[in-house]
Amino acid sequence: MNIPSNSNCDCGACMTTEDAVPERTFTVPEGAYKELLYMVELHKQHGAPNHFETVEDMLDFILLSIADGSRRPGAWERGMLEQMGLIADCPEHRVYRDCYGAPDRSPQKGVQRSGDSG
């Protein structure tokens with residue numbers, strides 16, 4: 001899976017490519033795989049606004065859409081997650097994040113914490 005470059009983030013974690021991301025393997029339930037395969041066949045035969053040639057490419061898009069909905073409260077993907085009950089009931093999950101994954105909780109660059117000597 002390729003994680004798209006995020007121009008708003010300088011953490012480095014979002015600027016990854018397939019080579020930098022460890023391979024993840026998971027099992028797709030048979031019924032879901034059959035339906036995704038059928039959708040890909042329909043895309044090949046008839047086209048689609050978001051055309052996919054393989055189930056793997058479609059899954060990449062689906063998973064990144066879920067990740068985007070998680071980190072971007074105002075995104076169209078967020079509505080999908082809310083309907084599925086996947087938004088945690090806490091303030092942290094209602095804040096926009098530039099980067100994928102948990103927010104960096106370390107002090108910001110150039111900001112001195114109280115008690116630190118400069």
Side-chain angles (χ1 to χ4, degrees):
M1 173 187 327
N2 287 320
I3 297 175
S5 170
N6 184 339
S7 60
N8 296 326
C9 180
D10 64 358
C11 73
C14 292
M15 309 275 199
T16 60
T17 64
E18 201 167 315
D19 296 333
V21 178
E23 185 71 25
R24 301 281 191 249
T25 303
F26 58 94
T27 302
V28 177
E30 185 177 351
Y33 184 79
K34 285 181 179 180
E35 188 62 28
L36 294 174
L37 189 59
Y38 177 62
M39 290 171 67
V40 167
E41 288 174 13
L42 291 175
H43 283 203
K44 289 179 181 179
Q45 291 173 11
H46 305 287
N50 235 351
H51 180 86
F52 293 100
E53 289 287 325
T54 67
V55 170
E56 291 78 11
D57 288 344
M58 184 179 283
L59 282 171
D60 283 352
F61 175 77
I62 292 167
L63 293 173
L64 284 169
S65 294
I66 291 169
D68 285 342
S70 175
R71 67 183 186 86
R72 296 173 40 213
W76 69 265
E77 299 97 337
R78 176 55 74 109
M80 174 180 59
L81 295 180
E82 288 173 346
Q83 289 178 347
M84 294 174 12
L86 297 178
I87 300 301
D89 191 18
C90 63
E92 296 86 25
H93 213 184
R94 304 203 184 284
V95 175
Y96 176 88
R97 289 176 286 117
D98 284 339
C99 296
Y100 293 99
D104 180 10
R105 300 206 193 297
S106 64
Q108 294 179 353
K109 296 175 189 171
V111 175
Q112 193 173 19
R113 293 179 294 189
S114 62
D116 286 352
S117 58

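The figures that follow rest on heavy atoms only: side chains count, while hydrogens, waters and symmetry mates do not. All figures in this text were calculated on a predicted structure; none of them were measured in a lab.
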Counting only N and O atoms by type, is there a donor-acceptor contact under 3.5 Å from the side chain of Ser70 to the main-chain atoms of Ile66?
-> no
Have His43 and Gln45 got a donor and an acceptor in their side chains that come within less than 3.5 Å?
-> no
Side-chain donor/acceptor of Arg72 to backbone N/O of Arg97, under 3.5 Å | no
Once you round to the nearest 0.5 Å, how far does CZ of Arg71 lie from OH of Tyr100?
-> 4.5 Å
At their closest point, which heavy atom of Arg78 faces which heavy atom of Gly69, and how far apart are they?
-> NE-O, 2.6 Å
Using the side-chain contact (heavy atoms from CB on, under 4.5 Å) rule, take Asp60 and Phe52 through it: C-alpha gap first, then chi angles, then the decisive distance, then the call.
-> CA-CA 10 Å; Asp60 283 352; Phe52 293 100; over 6 Å; no
Residue pair Leu36 / Ile62: nearest heavy atoms and the distance that separates them | CD2-CD1, 4.1 Å
Give, for atom CE of Met80 and atom CD1 of Ile87, the distance between the pair rounded to the nearest 0.5 Å.
-> 9.5 Å
Do you reckon Val40 sits in the same ILVMFWY cluster as Tyr38, going by side-chain contacts under 4.5 Å, direct or chained?
-> no
Polar contact flag, side-chain donor to acceptor under 3.5 angstrom, Thr54-Asp57 = yes
In this structure, are over 12 heavy atoms from other groups packed under 6.0 Å from Asn50 atom CG?
-> yes
Taking all non-hydrogen atoms of both residues, which atom of Arg94 and which atom of Cys90 are closest, and how far apart?
-> CG-O, 3.6 Å
Check whether any side-chain heavy atom of Trp76 sits under 4.5 Å from a side-chain heavy atom of Asp68, and report yes or no.
-> no
Hey, is CD on Glu41 packed in by over 12 heavy atoms from elsewhere, all under 6.0 Å?
-> yes
Result for side-chain contact (heavy atoms from CB on, under 4.5 Å) between Leu86 and one of Gln83, Glu82, Met84 points to Met84
Joint cluster assignment, Phe61 & Val28, ILVMFWY side-chain distance < 4.5 Å | yes
Value rounded to 0.5 Å, distance of CG in Leu59 from OH in Tyr33 = 9.0 Å
